[in-house]
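A short worksheet on the structure shown next.
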Amino acid sequence: MKNPLHYQLSEYDCGPTSMLNALSFLFEREEIPPEVIRNIMLYTLDCYSNEGHPGKSGTSPMAMMFLSNWLNRFRQIRQLDVKSEYITGEQVFIGNSSRINDALKRNGVVVVRLFYDVAHYALLTGVDEKKIYMFDPYYEEEFGDDIYTHFLPEGDVKLVLNQPLKYNRIVPFGYFNREQDLLYALGKFENREAVILYNKRTEKTPEKTIEYFI
């Protein structure tokens, strides 16, 4: 059974929430071991605020890289069929030659760091020719629970509330590739990061998709 993707509980936990949502999207609820949930929360929220408060600056790139590596080790002891890859810099962009687009086409998901008033993590779950399907864990109260689709003020980012297992935003490619601090921009290349995740059983690979004729 799949659970609906969920929203962050505070102003700070977009990182762990997006990682947990990635596993919720890829796996059945019954498949996810409690150790994974515990360690995602343990390894994230590691950044201190300027006032010295732990967790109040969210999750660092180093923590996301460590968590990605830990998930791969966890797979090797056959606890969960998850494959994870941490990418940075010029590897992180949206387009036909992007590793992110490729992963989404092959049934993977991507936790990506982007801009939403501040640095923010969200989950990419799908792609078509021009748009990315995304679950943003930051709940927007002003839209209300009774509105199924609504366009955000920018006009071409679509808020969707009737696909709780899959996504709540549909965002054109162009938003992501901007280097300025603008809505859903990936920002400067030196600050870009993403975690690509697959369920090994459902990942599309050449071996699974290419047909050979004799």
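Computed from a predicted structure; not experimentally measured. In what follows, residues are counted from 1 in the order of the sequence shown.
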Does any part of the side chain of [Y], heavy atoms only, come nearer than 4.5 Å to the side chain of [X], both counted from C-beta?
X	Y	value
I100	I94	yes
F93	R192	yes
K204	K105	no
I170	V157	no
D128	Y133	yes
P33	L80	yes
L123	V110	no
D136	H120	yes

Any idea which heavy atoms bring [X] and [Y] closest together, and the distance?
X	Y	value
S84	V195	OG-CG1, 3.3 Å
M64	G15	CE-O, 4.4 Å
A194	V92	N-CG2, 4.1 Å
L45	P16	CG-CG, 4.2 Å
V127	I132	CG2-CD1, 3.7 Å
A63	T59	CB-CG2, 3.9 Å

Are there over 12 heavy-atom neighbours, none belonging to [X], within less than 6.0 Å of that residue's [atom1]?
X	atom1	answer
K2	NZ	yes
E129	CD	no
E90	CD	no

Reference residue D81; test salt bridge (charged side-chain N to carboxylate O under 4.0 Å, His left out); the match among R201, K200, R75: R201

After noting the C-alpha distance and the side-chain angles of N69 and R73, does the key distance pass the side chain to side chain contact (heavy atoms under 4.5 Å, CB included) rule? CA-CA 6 Å; N69 291 334; R73 293 292 296 171; 5.8 Å; no

Can you confirm if the aromatic rings of [Y] and [X] lie within a centre distance of less than 6.0 Å?
X	Y	value
Y175	Y184	no
W70	F66	no
Y167	F135	no

Considering residues at least two apart in sequence or located in another chain, which fulfil the side-chain contact (heavy atoms from CB on, under 4.5 Å) criterion with E11? Y138

Strictly below 4.0 Å, N to O, side chains only: are R106 and E203 in salt-bridge contact? yes

Under the criterion side-chain hydrogen bond (donor to acceptor under 3.5 Å, both in side chains), I'd like the reasoning laid out for N107 against T202: C-alpha separation, chi angles, the key distance, then a yes or no. CA-CA 7 Å; N107 291 341; T202 59; 5.2 Å; no

Apply side chain to side chain contact (heavy atoms under 4.5 Å, CB included) to the pair E193 and I87, showing each step before the final yes or no. CA-CA 6 Å; E193 61 160 333; I87 61 174; over 6 Å; no

Y198 six-ring centre to K83 NZ/CZ under 6.0 Å and within 45° of normal: yes

Could you see if F173 belongs to whatever hydrophobic cluster contains I196? Use Ile, Leu, Val, Met, Phe, Trp, Tyr and a side-chain cutoff under 4.5 Å. yes

According to a hydrophobic-cluster definition based on side-chain heavy atoms being under 4.5 Å apart (Ile, Leu, Val, Met, Phe, Trp, Tyr only), do M41 and L197 belong together? yes

From L71 atom CG to I40 atom CD1, the distance as rounded to the nearest 0.5 Å: 6.0 Å

Residues 17-27 side chain polar contacts: donor-acceptor under 3.5 Å, at least two apart:
unit_1, atom_1, unit_2, atom_2, d
T17, OG1, D13, O, 2.7
T17, OG1, D13, OD2, 3.1
S18, OG, C14, O, 2.9
S18, OG, Y121, O, 3.3
N21, OD1, H6, N, 2.9
N21, OD1, H6, ND1, 3.0
N21, ND2, H6, O, 2.9
N21, ND2, T17, O, 3.4
S24, OG, N3, O, 3.4

I'd like to know whether T125 forms a side chain to side chain contact (heavy atoms under 4.5 Å, CB included) with L104, so could you lay out the CA-CA distance, the side-chain angles of the two residues, the decisive distance to 0.1 Å, and finally the verdict. CA-CA 6 Å; T125 62; L104 296 173; 5.6 Å; no

